[in-house]
Structure formats: C-alpha cells, structure tokens
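Just so you know, residue 1 is the first one in the sequence shown, and it goes up from there.
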Amino acid sequence: MRTLSLALAATLSLAAITAAPAVELKPLKATSVDLGTFRGSIYYTAARDGYRVVATLAAVNSHADQPQVVRLVTTLNADQTVTLSIPGSLGADGRDATVAFSRKGDVVDVALADIAAE
C-alpha cells in the first residue's frame with residue numbers, strides 16, 4: 001500500500017484539474033485531479049473496443065494506515081461521457097465533487113462539474 005501512496009504523491013506533482021474548463025488527456029500520460037476530499041490521477045489508453053480511462057483517487061486527511069482508495073475503469077466509445085461523483089464531506093460546504101470524462105472523436109477530455117448539495 002505504501003507503493004500506491006508514493007505513486008499517488010508523485011502524480012499529484014502534475015498539473016491538477018481544479019476548475020470547470022475541460023482538460024484534454026493524452027494517451028498514457030497521467031493527469032492529476034483534485035476533488036477536495038479525494039485526489040489522484042487519470043489516464044487513458046487506446047484499445048480495440050474504445051478508449052480505456054482509469055482514474056485512481058485516494059482520500060485526503062483519512063488519518064489511516066490504509067487510505068481509502070477509489071478506482072474507476074471505463075471504456076469510452078466515440079461521443080460518450082462518464083461521470084464520477086464524490087460525496088461532500090461532513091463539516092464542508094456539503095457539495096459533491098463530480099468529474100466528467102468525455103470522448104469526442106479521438107479526444108478525451110476531463111472536467112470538474114459543480115453540483116449543488118441536495
């Protein structure tokens with residue numbers, strides 16, 4: 001698990017996605033994402049059946065020997081979008097953090113979406 005934590009720390013040194021505008025992902029090149037209570041990296045690879053997007057996120061301030069880790073693996077075909085939502089934490093503003101992965105032709109974008117609390 002320590003190896004995973006070190007790998008996540010290394011990827012966080014990349015440019016983080018922290019605003020609503022979309023960021024274009026490059027094949028096999030990790031991009032950092034910060035969803036407030038979770039941080040991590042996203043990358044994609046081209047496969048015969050579509051573009052395989054992998055997002056690995058770890059809880060921030062979990063104060064645990066085994067941090068909470070979430071991984072999303074999905075395959076995007078042309079003109080598809082997948083979203084990943086992380087619930088807001090107690091004591092915060094209560095808003096969810098949502099990231100959307102979209103494929104338009106040969107381009108894969110990732111963007112944060114601002115979702116109001118329910």
Side-chain angles (χ1 to χ4, degrees):
M1 189 53 93
R2 183 165 171 78
T3 303
L4 177 61
S5 297
L6 292 174
L8 284 175
T11 59
L12 290 175
S13 65
L14 300 171
I17 298 168
T18 57
V23 172
E24 183 179 339
L25 298 178
K26 302 296 181 191
L28 296 172
K29 184 174 181 184
T31 300
S32 293
V33 64
D34 183 343
L35 298 178
T37 56
F38 281 78
R39 294 185 185 139
S41 65
I42 304 165
Y43 70 92
Y44 82 93
T45 59
R48 285 184 293 131
D49 59 343
Y51 287 4
R52 183 174 180 252
V53 176
V54 179
T56 304
L57 306 169
V60 177
N61 299 326
S62 66
H63 304 294
D65 293 337
Q66 303 283 329
Q68 296 174 326
V69 177
V70 175
R71 176 172 289 153
L72 168 73
V73 179
T74 188
T75 301
L76 293 176
N77 292 311
D79 300 319
Q80 283 189 318
T81 298
V82 171
T83 58
L84 172 64
S85 180
I86 303 295
S89 62
L90 294 174
D93 62 7
R95 298 186 331 159
D96 293 349
T98 301
V99 62
F101 309 98
S102 299
R103 178 177 171 195
K104 301 289 184 205
D106 290 337
V107 175
V108 176
D109 288 331
V110 61
L112 294 183
D114 199 13
I115 305 279
E118 295 182 36

Donor-acceptor pairs are to be reported for all side-chain atoms of residues 76-83 against protein atoms at under 3.5 Å, with residues two or more places apart or in another chain.
from: Gln80; atom 1: OE1; to: Asn77; atom 2: N; distance (Å): 2.7
from: Thr81; atom 1: OG1; to: Ser102; atom 2: OG; distance (Å): 3.0

| field | Non-neighbouring partners of Tyr44 that pass ring-ring contact (aromatic ring centres under 6.0 Å, His included), sequence neighbours left out | value |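 If we apply the ring-ring contact (aromatic ring centres under 6.0 Å, His included) test to Tyr44, skipping adjacent residues, the hits are Tyr51.
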
| said: Tell me whether Val70 shares a hydrophobic cluster with Phe101, the cluster being built from Ile, Leu, Val, Met, Phe, Trp, Tyr side chains joined at under 4.5 Å. | reply: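 Cluster IDs for Val70 and Phe101 match.
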
| query | Does Lys104 have any side-chain hydrogen bond (donor to acceptor under 3.5 Å, both in side chains) partners at least two apart in sequence or in another chain, and if so, which? | reply |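 With sequence neighbours excluded, Lys104 shows a side-chain hydrogen bond (donor to acceptor under 3.5 Å, both in side chains) to no residue whatsoever.
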
| request: Just jot down the side-chain hydrogen bond (donor to acceptor under 3.5 Å, both in side chains) partners of Tyr43, sequence neighbours excluded, or say none. | output: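 Tyr43 satisfies side-chain hydrogen bond (donor to acceptor under 3.5 Å, both in side chains) with no residue once adjacent residues are dropped.
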
| said: As a test of understanding, state which of Ile42, Val33, Thr98, Leu72 forms a side-chain contact (heavy atoms from CB on, under 4.5 Å) with Leu84. | reply: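 The side-chain contact (heavy atoms from CB on, under 4.5 Å) with Leu84 is passed solely by Leu72 among Ile42, Val33, Thr98, Leu72.
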
| request: State, to 0.1 Å, how close Ala111 and Ala22 come at their nearest heavy-atom pair, and which atoms those are. | output: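 Looking at all heavy atoms of both residues, the closest pair is CB-CA, 3.7 Å.
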
| said: Has Arg103 got a side-chain atom pairing as donor or acceptor with Gly105's backbone, closer than 3.5 angstrom? | reply: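 A pair under 3.5 Å: yes.
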
| field | Atom pair OG1/CZ of Thr75 and Arg48 - distance to nearest 0.5 Å | value |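 So the gap between those two atoms works out to 11.5 Å.
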
| message | Using a 4.5 Å cut-off between side-chain heavy atoms of Ile, Leu, Val, Met, Phe, Trp and Tyr, which other residues end up in the same hydrophobic cluster as Val107? | response |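 Cluster partners of Val107: none, it stands alone.
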
